[in-house]
Structures are given as C-alpha cells and as structure tokens.
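Heads up: the structure comes next, in structure tokens.
We number each residue from 1, following the sequence as shown.
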Amino acid sequence: MRRTITRLGPWQPHDEGLNQIILLLLLDNLPFSTVIRIQIRMQLLHFSLFDDFNNYLAFILSRAKDVPVEIRKVAGLLLKNGLMDVYNLIEPEHQQYIKLQLLYGLGEADQHIRSTCGTTISNVVQQGGISGWPELFHTLLHFLNSGDPNRNGGAMDALSKISENTPELLDSDDAWSGQRPINIFLLELFEFFHSPHANLRKLSLRFVNKYIISMPSGLYTSKNKYLDGLFLLANEPDAAVRKLVCTALLQLVEFHPSVLEPRLKDVIECMLQLNKDNNDVLALEACGFWSKYWDAQIPPENLREYLPHLTLILLSNIAYPNDDDLLADAEVIDAKEDESIPDRYQDLKPQLPCSDEDDDTCTICNLRKCSASALDVLSNVFGAKILLTFMPIIEANLSATGDEAWRDKEAAVLALGVIARGCINGLYPRLSEIVASLIPLLDHKFTLIRSTSCWTLSQFSKYIVQDSGNKKGYEQFDMVLTAFLQRISDTNKLVQGAACSALAILEEEAAEKLAPRLKEILQHLMHPLGEYQKRNLRIICDAIGTLVDAVGEELDQPVYVEILIPPLIQKWQNFSIFDKDLLTLLECFTSIVQALRSIEFSQFTEHLFSRCITIIEAQQQLAKAHPFSDKDFITCSLDFLSGLTGCFHNGIESLVLQSNLRDMLLKCCRDGAPDVRQSAFGLLGDLARVCPIHLHPRVPEFLYLVVKQLKIPKFEKTISVANNACWAIGELAVQVPQEISPFVATVISCLIPILHQSEGVVKSMVENSAITLGRLAFVCPDLVSPHMEKCMQSWCISLSTTRDGIEKEDAFKGLCAMVKANPSVAQSSLVYVCKAIASWTKIWSTELNTEVCKVMHDYQQMLTNEAWDKFMSDLDPLVKANIAKYLV
C-alpha cells in the first residue's frame with residue numbers, strides 16, 4: 001500500500017527528503033559496482049512508494065538550479081517513466097503541481113532541461129488529454145509571445161513533441177474552445193522565421209513543416225506568408241535551416257503542387273540556389289526536386305527559361321569535386337581495382353555509386369547519380385532544346401587536355417550517355433562525330449574515363465547498329481565492338497566490368513550482325529575468364545549469356561563450341577560445389593544449352609549433368625543440418641537440368657537412368673522453398689516428355705505433390721509454382737494416362753475456378769490450365785465429361801487467347817473429344833466453341849484439322865437449316881470468316 005503524508009497548504013518539498021533523493025541520483029550516476037548500484041536503485045524504489053515522489057522529481061528537474069544538469073535530466077527521465085500509464089491514478093493535487101513545474105521548466109536556460117520538460121508534457125497530454133490541462137495551450141501561446149528566447153524555444157519544443165505523440169490533438173475543433181490550436185500556433189510561429197535567434201528560426205520551421213502533408217486550413221490560408229518565410233530562410237547561414245527549407249519545398253511539390261504554382265518562379269529560383277549549395281548533403285536533397293516536379297505534372301513550360309541555368313548546375317554536380325581527400329587521385333582507384341587484387345566482400349554486394357564505408361564520398365557519388373537522373377528527365381522532357389546550352393560545354397570539356405582536366409572530361413562523357421536517348425533527335429546528325437570522339441577515350445590513362453566511356457558508348461548502341469547498314473556506319477560499329485573487346489582485357493577491374501556490360505548491350509542490339517565476328521568475340525570473352533575476380537565473373541557470364549541469346553543457333557558450330565565450352569568447364573571445376581560463383585556459371589550454362597544441340601556439345605553433357613546431381617545431393621544433405629540454408633544451388637541446378645533435358649531429349653535418358661535424379665527430384669518437389677518447388681515441377685514436366693518411364697514407380701507420389709500445389713487456397717504468392725505444377729500435370733497426362741486417372745476429378749476441381757476467374761490470374765496460368773484440361777479430356781474423356789457443364793464456356797474463352805502450338809493442339813484434341821461426349825453441353829456453348837476454333841491462325845496437324853471440321857459438321861447437323869443460318873448470321877463477322885474453312 002502506498003504511503004501518504006498529510007500536509008497543510010500547497011505541496012512543498014521537505015529538505016531532508018529532497019537532499020536524500022538528489023544524493024541517490026548523484027550516486028546512481030557514478031561508476032560504482034553492480035552490487036552498490038542495485039542498493040541505490042532499491043533505495044530509489046523505496047522512495048517511489050510515496051505518493052509525492054514524482055513531485056520531488058518534478059521539482060529537481062525544473063527548480064533545482066544548483067544541481068548538475070545531468071542529474072536534473074535523470075530526474076526528468078524518472079519522472080517521465082514514473083508517470084507512464086499511471087498518470088491518471090495520481091492525486092489531482094500532485095498532478096497539478098507536476099504540471100506547474102513542467103511549464104516552469106520550459107523557460108529554463110538549459111536546452112536539455114527544456115527538452116526533457118517538453119517530452120514529459122507530451123506524455124502527460126497523451127495520457128490525460130487536453131481537457132485535463134485546459135491552461136496548457138494558453139500558457140504555451142503566452143510563452144511564444146513572451147519575448148524570452150528560452151520560453152519561446154521551450155514552447156516550440158513542447159508543441160513539436162505533442163504533434164508527434166498526438167498529432168490529431170492540435171488539429172481538432174474540440175481541443176481549444178472550438179478552435180483548432182494548430183491554426184493559432186501557426187500564425188505565431190510564422191513570425192519566428194524572422195527571429196534574430198537561429199535556433200528559434202530552425203525550431204519554428206521544423207514544426208510548421210510537420211503539417212505540410214495534412215495542410216490544415218491555417219497553413220493553407222497563410223501559404224504565401226509561409227512561402228515568403230521559406231524563400232527568406234533559404235539564405236540562412238545555418239545549413240540545417242536551409243535543409244529544412246529544401247525539405248518543405250520537396251514535400252509541397254509532391255503533395256500540394258497547386259500551392260506552389262502561383263509562386264513557381266520563386267520556387268524554381270530557390271531550388272536552383274539550393275541545388276548548387278556548398279553543403280553536398282543539401283545539394284543532393286535539392287536535386288531530388290526536379291524528378292518530383294515532373295511527377296507532379298506541372299507544365300514543363302514553366303521551367304523553360306531556367307533550362308540553361310539548371311543544365312549548368314547539373315553538369316557541375318555530375319563532375320567529381322577537386323578534393324584530394326575524395327577522388328582527386330585517380331591512381332588510388334587504379335590500385336584499388338587492379339585485376340590481381342581479390343574482390344572484397346563488399347565488392348560483391350549489389351553495386352551502388354560508391355561504398356558505404358565513406359559517407360562523404362557516398363554523398364558526392366549520390367549527388368552525381370541524382371544529378372544525372374535529373375538530366376535524364378530533363379532530356380526526355382525537353383529533348384534537343386537543352387543542347388544549345390549543353391553541347392558547347394561538353395565539347396569544350398572533351399577537348400580539354402592535361403591531367404588536371406580529367407574530372408571535367410569524365411563528367412562530359414557521362415552527361416553525353418545520360419542524354420543519349422532523350423536528345424537523340426538533336427544528337428543523331430552528329431552521331432558519327434560523337435562516337436569518333438569517344439572511342440579514343442577507351443584507351444585514356446584515367447580509369448574512370450575509360451569505364452565511363454564504355455557506358456556512354458553503350459547508350460548509343462541502338463543507333464550505332466542502325467547506321468551499320470552502310471560502309472562508313474559498319475566501320476564505326478566494328479571499331480566500337482573492337483574497342484569493347486580490347487577493354488574486356490583491361491588490367492583494371494572497374495573497366496573490365498564496364499566493358500563487359502557495354503558489350504552485352506551492344507550484343508542485344510546487334511544480334512545476327514555479330515555473326516561474322518563471332519569467333520573473335522568468343523575468343524576475347526574466354527581469354528580473361530580465368531583471371532576475372534568474383535564481381536566481374538558475374539558480369540562477363542551475363543555478356544556470354546546475352547551473346548548466346550543474340551546469335552542463337554548461329555553459335556551451334558563445332559569451332560565455336562570448342563572455344564566456348566572448355567574454358568567455362570575449367571572455371572567450373574575450379575569451384576567447390578558450395579562456392580557462390582558456381583551459380584553464375586550454372587546460369588550461364590543454362591542459357592548456352594538452349595542454343596547448342598550439336599554432337600560437339602553433347603560430349604560435355606555427362607560431366608555437367610553429373611556435377612549438377614552432386615550439387616543437389618550435397619545441398620539436400622546440408623539442408624538436413626541447416627534447414628534454412630541457401631537453396632539457390634538447388635534451384636540453378638534444377639533449371640540447368642531442365643534446359644539440358646529440353647534440348648537433348650532422348651540423349652539425356654541414359655544419364656537419368658544411371659543417376660538417382662528421380663528420388664532427389666521428389667525431395668525437391670516436397671521442399672518448403674517455393675523457388676525450389678517451381679524449378680522441380682518444371683524439370684518434372686520436361687522429364688515426363690522425354691523419359692517418363694524413369695519416373696516409375698514414383699509417379700503417384702509426383703502426381704500427389706503437383707495436385708497439392710493447385711489446392712492451395714490462395715496461391716498468388718506461389719503462382720509460378722502452381723503454374724509449373726499445372727503444366728507438369730498436362731505433360732504427365734499425355735505420357736502416363738493410366739496413372740493420372742485417380743487424380744482427374746481433383747485436378748479439374750482446381751482448374752475450373754482458375755478458368756472462371758481468368759481476369760484475376762496470370763495469363764500463363766490460365767493458358768496452362770486450359771491446356772492441361774484439354775490433355776486430361778483427351779486421355780480420360782469419360783472422367784472429364786461430367787464436369788463440362790461447369791466449365792465449357794470459360795474453357796473455350798481461355799483457349800481462344802492461347803498461342804498456337806503443339807500444346808494448343810493437344811488441348812483442342814480434348815475439346816473435340818468433349819464435344820462428341822457431351823453434344824448437348826457443346827450445343828449450349830456453340831458460340832464459345834466457334835470463337836475458340838476461330839482463334840487458330842492455322843492448324844498444322846492434319847489429324848486435328850480433320851477433327852475440328854467434323855465437330856463443325858456435327859454442330860451443323862444438330863440444328864435445323866433455319867437455326868444454323870440464324871446462328872451464323874449472329875456470329876461476329878471475323879469469327880464467321882475464320883471458321884468458314886472448317887465448314888467445307
């Protein structure tokens with residue numbers, strides 16, 4: 001039971017009790033042993049049993065000026081925690097005393113005391129509401145008008161914390177005699193924008209900014225006064241205040257652009273000023289204004305007169321600063337990125353503009369990135385109009401000589417790449433000249449110029465390839481390609497990566513134009529493979545995969561296979577089966593295997609197949625001890641085996657027979673990771689097509705698992721798993737129809753809802769469902785037929801949007817079988833059947849074409865001549881024209 005002390009008159013602290021508490025707080029703040037500290041805490045706990053303990057703490061916090069500030073702050077912290085959740089249980093007399101002391105403390109000279117009092121006031125308001133403290137807002141308003149900087153700052157601090165804990169309170173009609181407190185306080189706070197005290201200017205602006213998004217009526221009606229204050233404070237010596245101005249304008253343009261439009265000229269001029277601020281952090285934040293400007297859909301014409309100024313600022317911010325502590329010495333980059341130095345762990349993370357290790361450098365790099373992004377947007381909005389200001393600067397910087405000019409030269413190269421697409425109409429007439437000026441820079445002594453030149457040239461790849469139809473254009477295309485290939489073997493890792501990435505972009509655009517130089521390209525890609533570190537290995541493998549996709553079957557020649565495959569396998573053999581770099585090679589091989597079907601490549605399949613089996617087996621063993629281990633190894637191995645199976649068909653059968661792939665695959669189908677199941681069901685479908693006999697005797701177990709994927713109530717998060725499972729069912733149905741029979745009813749019950757709700761399901765899932773239903777209907781017509789009344793129309797609708805191909809042919813065989821088995825259901829869905837048939841461009845299968853013709857003939861026989869003619873006249877003319885060939 002708590003103790004109480006009977007008092008006469010207003011509460012006052014006893015000196016003895018006050019001194020004891022102060023002494024304990026002092027002792028608690030000293031570095032005593034744990035035992036002594038526990039004893040001190042026990043004594044404080046003893047004092048806390050008295051009802052007026054919090055009064056003592058409030059007194060120490062606000063009035064005990066001879067006590068060290070740190071101890072007063074500790075008292076305030078204890079008070080705040082002591083009032084937490086129990087404030088409403090404290091006697092009203094004590095509540096009133098505590099509130100008076102807290103308000104008094106807001107005027108203290110020490111900012112930490114004012115802040116602690118503000119925090120505690122906010123907590124009291126949060127628990128007791130403003131109705132239990134009606135004088136609070138009047139007192140805070142009085143403090144704001146007092147002319148005392150301490151009281152001014154204390155009032156702002158308390159208001160700021162009230163707005164954080166209970167933001168709705170200040171913007172409520174019921175909070176202050178029917179008025180919204182925020183509207184009254186805002187008018188007072190605007191005046192502090194002109195205060196001679198920098199701290200008050202900052203506090204007032206920070207508070208007002210909190211209400212930009214909600215935009216209370218007091219702020220909206222005073223928007224011009226607010227904006228005038230922002231423009232004034234944009235010239236504030238304190239960078240923190242200028243940053244608040246920037247933040248305010250960014251929020252206004254994002255959430256309330258209409259507020260800015262009448263003053264847009266002033267806003268743009270202010271942001272231009274902030275964008276070139278000496279404070280890099282502030283300049284970075286200001287740079288984000290331009291993208292928000294476009295997103296707000298403010299008419300771009302408002303910015304036209306400022307284009308030269310803005311362009312100059314962005315170009316200036318793109319350049320590295322002349323600062324020896326940051327990136328002035330390019331030799332540091334050369335040493336750090338030397339190809340012989342192994343990559344560090346942080347080098348392998350997704351590449352950002354710079355390392356997080358150095359905040360100053362990172363800010364500058366991000367300013368470069370943000371400025372480049374703004375310039376990109378500018379070029380896309382205004383196109384060639386920016387070139388009048390832009391190109392003279394670029395040309396001057398590109399032609400500058402001397403090592404000291406490297407930053408401006410590099411920035412000019414980067415800027416050209418940034419505007420390459422947006423300004424192409426203006427740049428295209430000078431494309432040959434621009435490319436000719438960039439190619440020599442690929443051999444420049446400075447690393448950053450070489451790497452940036454690779455990227456910028458890659459941005460012009462589309463247009464370089466377009467011009468390669470003429471002799472001069474092809475010569476330049478050939479020069480760019482040659483230069484990229486040479487830079488792949490650069491001794492600097494940064495340039496190596498940039499060259500590989502640039503080559504990949506050029507490969508995508510050039511495609512078959514690469515064929516005449518395919519041997520040379522492969523030789524250049526394979527030559528440095530053994531020397532590349534981890535990061536660039538990933539990039540060069542991507543370039544190899546892109547090349548394979550670009551040239552396709554052109555690559556499937558013995559001479560190319562011999563250049564490409566042995567070095568990759570050699571690299572593959574250098575890694576353990578737990579090395580992450582193996583994933584990069586697996587993904588690369590997966591791309592390659594889809595293009596190479598020759599006998600020359602088949603000699604490597606056994607080795608690759610066996611290695612993947614070993615990887616899966618080892619990872620499954622690892623998962624027993626570490627259930628949450630990385631499953632990427634299994635997923636990539638399954639994807640590669642799937643590609644191998646799909647490309648080599650029967651050639652893979654003997655390898656499957658000699659391995660335990662079937663049992664491992666079954667484990668993968670049970671795996672808890674959706675990515676593993678997705679890849680597993682994909683491989684299952686491929687194996688069902690190629691060698692279904694080797695899935696026995698475990699086919700029922702596979703079928704149980706694939707059907708299970710379709711029974712998940714909401715498979716949106718695992719749609720790719722369900723999609724592959726659905727496709728695998730269809731493949732199994734064609735190959736092992738007798739085994740599928742027990743599962744038909746369950747599968748159909750899962751497919752029908754997908755077909756009915758096709759608009760809310762991924763298109764490929766709908767297609768696979770329609771195809772699988774058709775395959776089941778063809779192999780098990782008696783089992784599927786009873787369900788046709790529920791799904792014939794939606795099934796036909798889905799088939800009408802399915803791409804032509806063998807799988808669609810299988811589905812239509814099932815449709816024809818269902819029409820025969822259910823003539824009455826088929827007749828009621830005649831329009832939908834006709835639309836499905838009309839969706840064919842051409843049925844290549846003679847057998848299926850005959851079946852479709854028979855279906856249409858049977859329909860014609862079902863109806864009287866008059867009914868048939870009526871039906872045909874009501875059909876969509878395009879559908880009618882497309883089915884005419886099946887009515888002959």
Side-chain angles (χ1 to χ4, degrees), residues 730 733 737 741 744-745 747-759 766-804 807-888:
S741 299
V744 168
V747 172
I748 292 177
S749 69
C750 297
L751 297 181
I752 290 176
I754 295 172
L755 296 175
H756 283 336
Q757 301 170 16
S758 58
E759 291 185 3
V766 177
E767 275 194 17
N768 275 330
S769 298
I771 290 167
T772 296
L773 181 59
R775 285 171 161 174
L776 291 173
F778 181 65
V779 299
C780 305
D782 295 339
L783 297 175
V784 177
S785 177
H787 302 276
M788 280 298 101
E789 190 172 357
K790 300 176 184 177
C791 65
M792 178 65 89
Q793 293 183 7
S794 57
W795 182 28
C796 289
I797 291 172
S798 298
L799 286 175
S800 67
T801 61
T802 300
R803 294 163 294 181
D804 289 3
E807 292 178 335
K808 185 172 179 176
E809 288 182 3
D810 286 348
F812 266 78
K813 290 177 183 177
L815 178 63
C816 293
M818 288 302 97
V819 170
K820 292 178 182 177
N822 272 297
S824 59
V825 173
Q827 185 174 343
S828 65
S829 303
L830 180 55
V831 172
Y832 298 95
V833 173
C834 289
K835 287 181 178 179
I837 293 173
S839 69
W840 280 97
T841 302
K842 180 178 180 180
I843 299 176
W844 291 96
S845 166
T846 304
E847 179 187 353
L848 178 60
N849 193 79
T850 301
E851 283 298 316
V852 171
C853 290
K854 189 171 187 312
V855 163
M856 294 306 300
H857 181 266
D858 290 344
Y859 269 129
Q860 198 170 2
Q861 295 300 312
M862 288 181 200
L863 304 175
T864 63
N865 290 339
E866 183 180 349
W868 178 256
D869 291 341
K870 175 71 168 58
F871 169 76
M872 291 297 290
S873 66
D874 290 341
L875 267 183
D876 179 277
L878 185 60
V879 173
K880 184 177 179 180
N882 285 346
I883 66 171
K885 54 181 172 259
Y886 304 112
L887 292 171
V888 178

Atom CG of Asn865 with >12 non-hydrogen neighbours under 6.0 angstrom: no

Met872 vs Leu887 side-chain heavy atoms within contact, under 4.5 Å: yes

Any Leu848 side-chain heavy atom under 4.5 Å of Lys813 side chain: yes

Candidate list Leu773, Thr772, Val779, Ile771, test side chain to side chain contact (heavy atoms under 4.5 Å, CB included), partner Arg775, passing option: Ile771

Intermediate values then yes/no, side chain to side chain donor-acceptor pair (under 3.5 Å), Lys808 and Ser839: CA-CA 11 Å; Lys808 185 172 179 176; Ser839 69; 2.9 Å; yes

Over 12 foreign heavy atoms within 6.0 Å of CD, Glu789: no

Residue pair Leu755 / Val766: nearest heavy atoms and the distance that separates them: CD2-O, 4.0 Å

Considering all heavy atoms, the nearest Leu799-Ala811 contact: CD2-CB, 3.7 Å

Taking every non-hydrogen atom, the tightest pair across Ser800 and Ala836: CB-CA, 3.9 Å

Side chain proximity check, Val855 to Tyr886, heavy atoms < 4.5 angstrom: no

Test: Glu767 and Arg803 ion pair at under 4.0 Å: yes

Pairs touching residues 821-862 that satisfy ring pair (Phe, Tyr, Trp, His ring centres under 6.0 Å), sequence neighbours left out: Phe812-Trp840

Flag side-chain contact, heavy atom, 4.5 Å: Val744 against His787: no

Cys834 versus Ile883, closest heavy-atom pair with distance: O-CG2, 3.6 Å

Test item: Ser785 side-chain N/O and Asp782 main-chain N/O as donor-acceptor pair under 3.5 Å: no

Candidate pair Asp858 and Val819, rule side chain to side chain contact (heavy atoms under 4.5 Å, CB included), full reasoning: CA-CA 9 Å; Asp858 290 344; Val819 170; 5.8 Å; no

Side chain to side chain contact (heavy atoms under 4.5 Å, CB included) between Lys820 and Glu851, intermediate numbers included: CA-CA 10 Å; Lys820 292 178 182 177; Glu851 283 298 316; 2.8 Å; yes

Where His756 and Cys791 come nearest, the two heavy atoms and their spacing: CE1-CA, 4.2 Å

Contact check, side chains of Ile797 and Thr801, non-hydrogen atoms, under 4.5 Å: no

With Trp868 via ring-ring contact (aromatic ring centres under 6.0 Å, His included) - residues at least two apart: Phe871

Side-chain donor/acceptor of Ser828 to backbone N/O of Val825, under 3.5 Å: yes

Atom NZ of Lys835 with >12 non-hydrogen neighbours under 6.0 angstrom: no

